[in-house]
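Letters A, B, ... mirror the listed sequences (proteins, then strands); counts begin at 1.
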There are 2 protein chains.
Amino acid sequence: MQLSIGQVAERTGLSVHALRFYEKEGILAHQVHRGPGGRRVYTQQDVDWLRMCIMLRMSGMPVPEIRRYTELVRQGDGNEPQRLDILKEHQERVRQQMVQLQECLDTITYKVGIYEEYVNSIAAKAVGQ
Amino acid sequence: MQLSIGQVAERTGLSVHALRFYEKEGILAHQVHRGPGGRRVYTQQDVDWLRMCIMLRMSGMPVPEIRRYTELVRQGDGNEPQRLDILKEHQERVRQQMVQLQECLDTITYKVGIYEEYVNSIAAKAVGQ
DNA sequence: CTACGAACTAGAGTCGACTCTAGGTCAAGA
DNA sequence: TCTTGACCTAGAGTCGACTCTAGTTCGTAG
C-alpha cells in the first residue's frame, strides 16, 4: 500500500509539517521512498513506525533520543541490547512520571473534596432559608 | 516565620528566578511583603501556596490558568464554585493524561518484553557455544 | 487554457516557561 | 577599606518541538 504524506497525516494525527520535520530529524526507520515529482511515498510499515514514535513522544521521549533509537534500528541486527537499554530507561522514566502525576492527582482530589463539601454546605444553607 | 527568597527556593525546589517570575505572573495568593532594602519576605503560607502551585504546574496546568485560580483566591469568599470548576477540570485532564501515559507504558513494556526475550535467547546461544 | 489542490524546499517564526545578564544596593566579615 | 554574597530590577536569551511562509512544481477537472 502506497500512501501520500497527506494520507499518513490523517492516519497518524500528525501534521504534514510534523511528518517532514520528523524525516529531517532522522526519526524514520527507513528512508522514505519518492514517487513522481519527488513526492514522498509511505508504506504501512512507515505508519507503524510512526505510531511507535508517537507513543515515545507522547510519553516524553525527546526527539534526539528517538533519533538514537532509530539509528540503532537502521543499523540492523546486533545492537538489540542497546535498543533495549534505551527502552528500559524510558520505561522507568514514564513510571516515575506516573507516580508524580498520581501524587499531583491526589493533592488535587483532596482539594476538590474540600471545596465540594464547602460548596454543598453553602447550597444547603441557601435551601434552608 | 520569615523567609528570604533563597530559603524559599531551597524549600520548594524552585529557582530564585522562577520565584520572581511567578510573582510577576501573579501566581502568589498574597502579595509578598518586603523587608529592609526592598527584599522579599515570605511566610510559611506563601511556601504552602507555592507547593500547591508546583503540583498544578507539574501536572501540566498552564501558568495563565494558575493565575486565574490565584485571582479567585485573592478575591476572597464567594467564588468557591468557580475555583472548584477549575480544579475539577484540571483533575479530569490529569486523569486523561494518566490514561494516555499508561497506554504508552503498555506499548513500551510490550516492546521491552520482546527485546528481552530476544536478547536472552542470543545470550543463551552464546553460552551454548 | 486555467485554476485548483496537494505536494515540494529552505528557512523563519511561535509558544511556554523559565533562565540568565547587566548593572546596582546593602550588610557583614577579614 | 575592601570583598563577598545575597538580594534587587528590567529586559534579553534559550530551548524544544513544532508550525508557518514564500515561492515552486505537478496532475487533473472544468
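Remark: A/E80 pairs with no residue by the side-chain hydrogen bond (donor to acceptor under 3.5 Å, both in side chains) rule, at least two apart or across chains. With sequence neighbours excluded, the residues satisfying salt bridge (Lys or Arg N to Asp or Glu O under 4.0 Å) with A/E92 are A/R95. Residues satisfying the side-chain hydrogen bond (donor to acceptor under 3.5 Å, both in side chains) test with A/R93, not counting sequence neighbours, are A/E65, A/H90. For B/E71, there are no salt bridge (Lys or Arg N to Asp or Glu O under 4.0 Å) partners two or more places apart in sequence or in a different chain. Scanning for salt bridge (Lys or Arg N to Asp or Glu O under 4.0 Å) contacts around B/R11 gives an empty result, with sequence neighbours left out.
In this structure, the CZ atom of A/R34 is 17 Å from the P atom of D/dT25, given to the nearest Å. Between A/E23 atom CD and C/dT9 atom C1' the separation is 12 Å, expressed in whole Å. Taking atom CZ on B/R20 and atom C1' on C/dG24, their separation rounds to 13 Å, with Å as the unit.
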Considering only distance and modelled atom types, tabulate donor-acceptor pairs under 3.5 Å from the side chains of residues 107-115 of chain B, sequence neighbours left out.
{"unit_1": "B/T107", "atom_1": "OG1", "unit_2": "B/E103", "atom_2": "O", "d": "3.1"}
{"unit_1": "B/T109", "atom_1": "OG1", "unit_2": "A/Q91", "atom_2": "NE2", "d": "3.0"}
{"unit_1": "B/T109", "atom_1": "OG1", "unit_2": "B/L105", "atom_2": "O", "d": "2.7"}
{"unit_1": "B/Y115", "atom_1": "OH", "unit_2": "A/R83", "atom_2": "NH1", "d": "2.8"}

With a cut-off of 3.5 Å and sequence neighbours excluded, list every side-chain donor-acceptor pair involving residues 23-33 of chain A.
{"unit_1": "A/E23", "atom_1": "OE1", "unit_2": "A/R40", "atom_2": "NE", "d": "2.5"}
{"unit_1": "A/E23", "atom_1": "OE2", "unit_2": "A/R34", "atom_2": "NH2", "d": "3.4"}
{"unit_1": "A/E25", "atom_1": "OE1", "unit_2": "A/R67", "atom_2": "NH1", "d": "3.2"}

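Residues from residues 37-45 of chain B lying near DNA chain D, meaning a heavy-atom separation below 4.0 Å, are B/G38, B/R39, B/R40 in numerical order.
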*Base, backbone or nothing for each nucleotide of nucleotides 11-19 of chain C, written B, S, -, heavy atoms under 4.0 angstrom, 5' to 3'?*
------SBB
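Put simply, B/S4 has a side-chain N or O that comes within less than 4.0 Å of OP1 or OP2 on D/dC7.
Under a 3.5 Å cut-off, the side chain of A/Q97 and the backbone N or O of A/S59 do form a donor-acceptor pair.
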